[in-house]
Amino acid sequence: MDLIQRISEVYKKISHAAMRAGRDPSEVRLLAVTKTVSPQMVKDAIDAGIRLIGENRVQEAEKKMEALAGEIPGTVSWHMIGHLQKNKAKLAVALFDLIESVDSLSLAERIDRYAREAGKMQKIFLQVKLSPEETKSGMSPEELERDIADYLGFSNLKLLGLMTIPPYSPDPEESRPYFRRLREIRDRLIDAGYDLRELSMGMSGDYEVAVEEGATVVRVGTAIFGERVY
Ligand SMILES: *Cc1c(COP(=O)(O)O)cnc(C)c1O
């Protein structure tokens, strides 16, 4: 299969999963994860219709954006999806349309400050960790509910939703409870009057389950670009 076929296949599976769940497929956006992928391949994916790109390292993203300068339509958005160190926050604000991996108030404060200096409203998601035994980054649901008003209070941050990465399992059904839990947390926040509707959840192995459970953004790498070579 070539790139266009693989992308079409992913779109088709997203549509079917949405319809199984009684959702409108247009509520779900495909974010192509391009870490380790060459600039030329990123360009090919964009030519094939991809409009959301995800990178997990600030410097790698910067290099790729420089290599593609002038070749990318303005309708393409770049999302930061990896753990963000505070000392990279300034560059992340300069590069990314949206930072999905905000996981602490101190990081949010930094991003807000740099966004203000840059005269930018920085879109963000909050990364939530639903499995305490994991070493992954992300705030606990308790921290989220405690601090949500603070995250919404920053003048230069626009909080649009939540992101999660469940523990890895080869069985996508193992991810379902995590996806469902993130959606329930989001729904409770909406009921409490907070306007944050986006749910970034699901990767190559489990994005169909994530769509069934309410994902509005699925982050797919391998299923589009093949196995990563580091
Ligand atoms: C790499 C990565 C993905 C994509 O993983 P695949 O299994 O290749 O689809 C999604 N989200 C994050 C945060 C990642 O780092």
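Read the numbers this way: they start at 1 and go in the same order the structure lists the ligands and their atoms.
- Below 4.0 Å from some heavy atom of Val220 lie the following atoms of ligand 1, by number and element: 9 (O).
- Between Asp24 and Ser26, the side chains place a donor N or O and an acceptor N or O closer than 3.5 Å (distance only, hydrogens not considered).
- Annotation: atom 15 (O) of ligand 1 to nearest protein heavy atom, Lys35 NZ, 2.7 Å.
- For ligand 1 and Ile165, the ligand atoms under 4.0 Å from any heavy atom of the residue are 13 (C).
- Rounding to the nearest 0.5 angstrom, the gap separating the OG1 atom in Thr216 from the CZ atom in Phe125 is 6.0 Å.
- In terms of protein heavy atoms, atom 5 (O) of ligand 1 is closest to Met203 CE, 3.7 Å.
- With contacts defined as side-chain heavy-atom distances shorter than 4.5 Å, the pair Ser77/Phe96 does not qualify.
- Screening residues 92-112 for salt bridge (Lys or Arg N to Asp or Glu O under 4.0 Å), with sequence neighbours left out, gives Asp112-Arg116.
- Contact annotation: the side chain of Arg219 approaches that of Ser200 to within less than 4.5 Å [non-hydrogen atoms, C-beta and beyond].
- Using a 4.5 Å heavy-atom cutoff, the side chains of His79 and Lys123 are not in contact.
- Set against the non-hydrogen atoms of Arg219, the atoms of ligand 1 under 4.0 Å away are 4 (C), 9 (O), 10 (C), 11 (N), 12 (C), 13 (C).
- Using a 4.0 Å cut-off to heavy atoms of Ser204, the atoms of ligand 1 that qualify are 6 (P), 7 (O), 8 (O), 9 (O).
- Of all atoms in ligand 1, listed by their number and element, those nearer than 4.0 Å to a heavy atom of Thr222 are 6 (P), 7 (O), 8 (O), 9 (O).
- Considering backbone and side-chain atoms together, Val33 places no N or O closer than 3.5 Å to any N or O of ligand 1.
- Atom 13 (C) of ligand 1 has its closest protein heavy atom at Ile81 O, 3.5 Å.
- For Arg228, the heavy-atom gap to ligand 1 drops under 4.0 angstrom.
- No hydrogens or angles considered: a donor-acceptor pair under 3.5 Å links the side chains of Arg51 and Thr75.
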